[in-house]
Amino acid sequence: LGVVSVGLSFLGGSEHQGEGAHQTSHGEHAAAQEENHAGAAHKENTHHGEGHKEGAHDQAAHGEDQHAKAELEAPSSYHKTGARANPENDPVAVQRGEGAPAQTHHQAQNEPWANLLVNSFFFLSISAGALFFLAVQYAAQAGWTVVILRSLEAMAQFIWVPMVVILLIALTGVFHLGGNHLWHWLAEGITDPQSSHYDSIIAGKAPYLNGPFFIIRTLIYLVGWAGAAALLRKLSLGLEKTGIDYAKQWVKIRKWSVGFLAFFALTSTTGAWDFIMSIDTHWYSTLFGWYVFAGMFISALTALMMVVMYLKKQGYLQEVNPSHIHDMAKFMFAFSIFWTYLWFSQYMLIWYANKPEEATYYMIRFFEFKGLLLTMLVMNFVFPILVLMSRDAKRNFGFIFTAGLIIIAGHWIDVFLMIYPGTVGASASISLINIGTFLGFLGLFILVVFRALSKAPLIPENHPMAVESKYHHI
């Protein structure tokens with residue numbers, strides 16, 4: 001289903017490419033007609049002005065003024081100013097028929113790539129968040145989570161799948177393949193002062209935002225995160241072997257976990273800048289890395305809870321007791337509030353300052369996606385607060401599962417709203433193709449995670465705090 005959905009999205013993009021080319025050629029034809037009419041009028045005025053030199057001089061001066069005014073008012077080509085808040089590059093303006101045909105063309109080409117980026121980044125968030133939480137347990141020597149460590153390890157093994165997809169998207173963007181214009185700072189001539197597409201602001205960011213360094217950073221994320229997931233898994237399984245120095249193995253796991261946490265603190269932030277924030281290149285937020293991390297972590301916690309509940313319902317993980325479920329539900333509840341705190345902090349400061357270069361990010365999201373935005377806030381904050389507030393609700397599988405479904409859907413919509421407005425524009429909406437692609441990634445996630453679970457004992461018996469976890473009680 002996922003493959004079919006991705007295929008249909010690219011087939012639809014091909015049709016839009018043809019439409020965009022037709023619109024562009026139509027615009028060029030209209031421009032040529034205008035030029036011919038202007039030329040004819042100029043000849044007529046010149047002929048008429050032979051006997052009226054002074055009038056002709058005034059008329060020529062007036063014509064020059066009109067020509068200069070027309071040049072200022074004429075819509076520039078895509079990327080010329082680089083600011084999508086400007087009418088010629090604004091997705092809202094394009095939706096209302098005011099944008100340049102080339103911009104409409106690029107947005108239509110972006111849709112299949114944006115669909116892939118939304119779903120790959122969302123599932124990357126789940127896997128990376130699980131890997132982070134796993135490393136935290138080892139670094140902090142937490143005892144209560146031992147019975148769910150294998151579930152975290154298995155979820156982290158999926159991390160290479162969405163990272164490979166994102167690497168593919170990055171490569172096609174850098175080399176301008178397949179109509180991928182997700183990151184307009186990759187446009188040709190955008191940092192060249194001699195180009196009509198030159199953008200001084202983006203040129204100032206070129207030491208960081210450039211194609212080769214972008215690919216290098218993406219490879220660092222892929223190798224660093226997937227490598228850490230494989231290493232921690234290997235070291236953890238090493239505790240199950242006989243004849244080894246368990247104390248030495250435990251110290252090694254802790255050291256690698258601490259090192260990864262430092263690495264992840266930096267790369268999770270730069271990854272959020274690279275893959276999402278740089279879509280709206282002129283806009284930036286110093287809170288954005290934290291905000292994306294919060295969504296990443298709550299998505300991972302929710303997915304972990306659903307995996308653990310499923311295994312327990314199937315007769316596995318009998319060591320998981322109501323206290324474990326209660327603690328995981330408390331994490332879901334707490335980090336839903338934390339995510340909302342960061343969302344409101346970012347929005348409130350931008351709204352209060354009311355600076356055009358900052359407010360532009362929220363303008364399209366509030367004016368063109370208001371219903372979806374408010375729905376997302378209800379799903380990610382109001383619903384978890386109401387459902388998971390009480391102690392009893394945090395121990396009830398029905399309440400937790402319902403809240404989990406809503407939270408997962410809400411944070412997928414959050415990723416959609418971070419990516420689609422800046423790439424596809426105001427015409428974007430959630431479609432069956434988006435849902436089908438999500439289900440495709442979900443199927444891959446289930447396949448990889450449960451294969452990993454089947455290849456090792458679900459409880460690490462030789463973990464130094466295994467007994468403490470089995471008798472965990474609150």
For [X] and [Y], I'd like to know if the aromatic rings sit close, meaning centre-to-centre distance below 6.0 Å.
X	Y	answer
Y310	F450	yes
F297	W290	no
Y291	W339	yes

Quick check: does any side chain N or O of [X] sit under 3.5 Å from a backbone N or O of [Y], one acting as donor and the other as acceptor?
X	Y	value
N115	E111	no
S120	L117	yes
W283	E358	yes

On the six-membered ring of F333, is K394 placed so that its NZ or CZ lies under 6.0 angstrom from the centre and within 45° of the ring axis?
yes
Answer yes or no on whether R217 is positioned over the face of F213, meaning its NZ or CZ is under 6.0 Å from the six-membered ring centre and within 45° of the axis.
yes
How long is the span from the [atom1] atom in [X] to the [atom2] atom in [Y], to the nearest 0.5 Å?
X	Y	atom1	atom2	answer
L417	H411	CG	NE2	12.5 Å
D414	I298	CG	CD1	12.0 Å
Y361	I350	OH	CD1	8.5 Å
S200	K205	OG	NZ	11.0 Å
L311	L453	CG	CG	6.0 Å
I190	I202	CD1	CD1	4.5 Å

Side-chain touch [X]/[Y], heavy atoms, less than 4.5 angstrom:
X	Y	value
L231	F260	no
L209	W273	no
F264	W225	yes

Checking side chain to side chain contact (heavy atoms under 4.5 Å, CB included) for the pair M418/V292: CA distance, chi angles, key distance, verdict?
CA-CA 10 Å; M418 285 191 284; V292 172; 4.2 Å; yes
Which residues pass the ring-ring contact (aromatic ring centres under 6.0 Å, His included) test with F416, not counting sequence neighbours?
W412, Y420
Side-chain donor-acceptor contacts of residues 123-136 below 3.5 Å, not counting sequence neighbours, with atom names and distances?
from, atom 1, to, atom 2, distance (Å)
S125, OG, F121, O, 2.9
S127, OG, F123, O, 3.3
S127, OG, M155, O, 3.3

Test applied, ring pair (Phe, Tyr, Trp, His ring centres under 6.0 Å); reference residue, F214; option that passes from W185, Y221, F175, Y208
W185
